[in-house]
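This report concerns only the one structure given below.
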Amino acid sequence: FFFFLMIRRPPRSTLFPYTTLFRSASLWAFGKNVFGDTLVDTESTVSTVADTSSNAIIRDISKCIGCGQCVDVCKNTQAINILELKTENGKTYSDTIGGYDLSQTKCIGCGQCSKVCPTGAIAENDALQKVTTALNSGKTIVWQFAPSSQNILGEEFGLLSGENVSGKIATSAKMLGDYVFRTDFGADITIMEEVTELITRIKTGGVLPMITSCCPGWINYAELNYPSLFDNISSCKSPQQMLGALIKNYLGKDNIYHIAVMPCTAKKHEALRPEMYTEGGRDVDAVLTVREYAKLLRSKGINLAKLQDSEYDSLFGNTSGAGRIFGASGGVTEAAIRSMYELMTGEILTDVEFKQLRGSDGIKHTEIKIKDQTIKACVVNGIKNAEKVLDEVKNGTSPYTFIEIMACPGGCVGGGGTPLYSGNTTLRSKGLYESDRSNKIRKCHENSSLKAIYEKYLTLPCSNTAHKYLHTYYTKR
């Protein structure tokens, strides 16, 4: 009873002292897990109709305590600035500026607001019920797990931040489904396609700088704010969608239900984009955040921490260390340079770690001499830092050849679908780099499984077949 009093919505008269006291929101998080949707303000006259217009996140004002943390992160951390605090009938709550549904705003679906919300008033657009139904449908269940998920999920079960639980994840997924793959393989393919595209642009005088396309939050931002730069953005799909296309079209669509587990809420929207459908069907049937997958395991009585390791299924099982570091800010660029250097020169790159691209700086850069070309690369860490770099591209003054943009601070390790109130992006990134260092294959183009897929199915990077399944386009919104 005492605990319930502690986690129930505080009275209005003590709102701000309570939210200061519980700014870490750990009791709120625990209470939300225990009591779920019972944490609502039954006295409020504000609308209780949830805003479900976004495929990424949902808002339920009736649960809002007016703490303002979502407003702060949207304005000051992400610089999207679509939320504000309002007061109505004595209740202070968060709402979109102008009162619009999220789908009518410039929300990019990054989900950073959901990570700081202590009551679940903002949360990911839950796919658990749909996935649970699919698990009992008799369909062939195929899982894929993002690189960073493999070094984050353990936090939900009391393990250390950044600890590699990849083998335990494989075990858990096989308890619930039929096949399990690492999205790292999709990252390896992404590098082959993206690097080939960049080399072609360099050799033929194509549009430069080329900007990465694997972060759906950044793509949403570009479509809303920088449609004039579409030609600069790589046409490559994200690793999630590349692997999805291969799973559905190489293995066959019949009776397959494909679930991706991601650290990202924007991936939910990405999977539903019509241009991400191939051969008339969805390539990714559902996206669960890391938080949702942990909740699913708990609902089945599965404690990840106590599981033994298992191997991933062989067809897409072999992956490179370069594919794993996609989950950290700068990782895509580092992986690209490793392959680009060798593909352009035919020489072995011995020092494969580019530490100047790592860390928490908002804008990072490096340059490398490749034959007679000086490749200047820039990494944008967090969408707040994108405007300056993008305006240079727009004005024709950008000095860069290649630009990586990740919407969330730290990259995928800081994504909107990662565990609440726990974890450390620095330690999570460190875990990714340790996983890379322990992998015998540290360059995407050296992955034997990748070579086999090209030989049997895709022919060559950026071929007509590759473009059909692995590339996309963008739409002004």
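Everything quoted here is computed from the prediction, not taken from an experiment.
- Remark: the Ser166 side chain and the Gln150 side chain contain an N/O donor-acceptor pair separated by less than 3.5 Å.
- One side chain, Ser329 or Lys364, offers a donor N or O that lies under 3.5 Å from an acceptor on the other.
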**Report entry** Evaluation steps, ring-ring contact (aromatic ring centres under 6.0 Å, His included), between Tyr226 and Trp218
**Finding:** CA-CA 10 Å; Tyr226 286 92; Trp218 143 239; 7.5 Å; no
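- The two residues Cys412 and Ile152 come nearest to each other via the heavy atoms O-CD1, 4.4 Å.
- Using a 4.5 Å heavy-atom threshold, the side chains of Ile375 and Ile202 count as touching.
- In this structure, Thr289 and Cys264 approach most closely via the heavy-atom pair CG2-O, 4.1 Å.
- A donor-acceptor pair shorter than 3.5 Å cannot be found between the side chains of Tyr457 and Asn249.
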Report task. Decide yes or no on side-chain hydrogen bond (donor to acceptor under 3.5 Å, both in side chains) for Asn220 and Glu270, but give the supporting numbers first. Result -> CA-CA 9 Å; Asn220 291 340; Glu270 179 184 55; over 6 Å; no
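- When all heavy atoms of Lys468 and Thr278 are compared, the closest pair comes out as O-CG2, 4.3 Å.
- For Asp188, the salt bridge (Lys or Arg N to Asp or Glu O under 4.0 Å) criterion is met by no residue, not counting sequence neighbours.
- A salt bridge between Arg324 and Asp184 is present, with a side-chain N of the basic residue lying under 4.0 Å from a carboxylate O of the acidic one.
- The line from CG of Leu128 to CZ of Arg291 is 11.0 Å long, rounded to the nearest 0.5 Å.
- The closest side-chain donor-acceptor pair between Asp51 and Ser53 falls under 3.5 angstrom.
- Rounding to the nearest 0.5 Å places CZ of Arg338 at 5.0 Å from CZ of Arg442.
- Side chains of Ser235 and Tyr474: no donor on one and acceptor on the other come within 3.5 Å.
- Cation-pi check for Arg182 over Phe145 is not met; the charged atom does not lie both under 6.0 angstrom from the ring centroid and within 45 degrees of its normal.
- Applying ring-ring contact (aromatic ring centres under 6.0 Å, His included) to Trp143 and the options Tyr179, Phe181, Tyr293 leaves one that passes, Tyr293.
- Checked by atom type, the side-chain pair Thr397/Glu392 shows no donor-acceptor distance below 3.5 Å.
- Residues meeting the side-chain hydrogen bond (donor to acceptor under 3.5 Å, both in side chains) test with Thr52, sequence neighbours left out: none.
- Ion pair Arg437/Glu353 flagged as a salt bridge, since at least one NZ, NE, NH1 or NH2 atom sits closer than 4.0 Å to an Asp/Glu carboxylate oxygen.
- In this structure, a donor-acceptor pair under 3.5 Å is absent between the side chains of Gln240 and Thr183.
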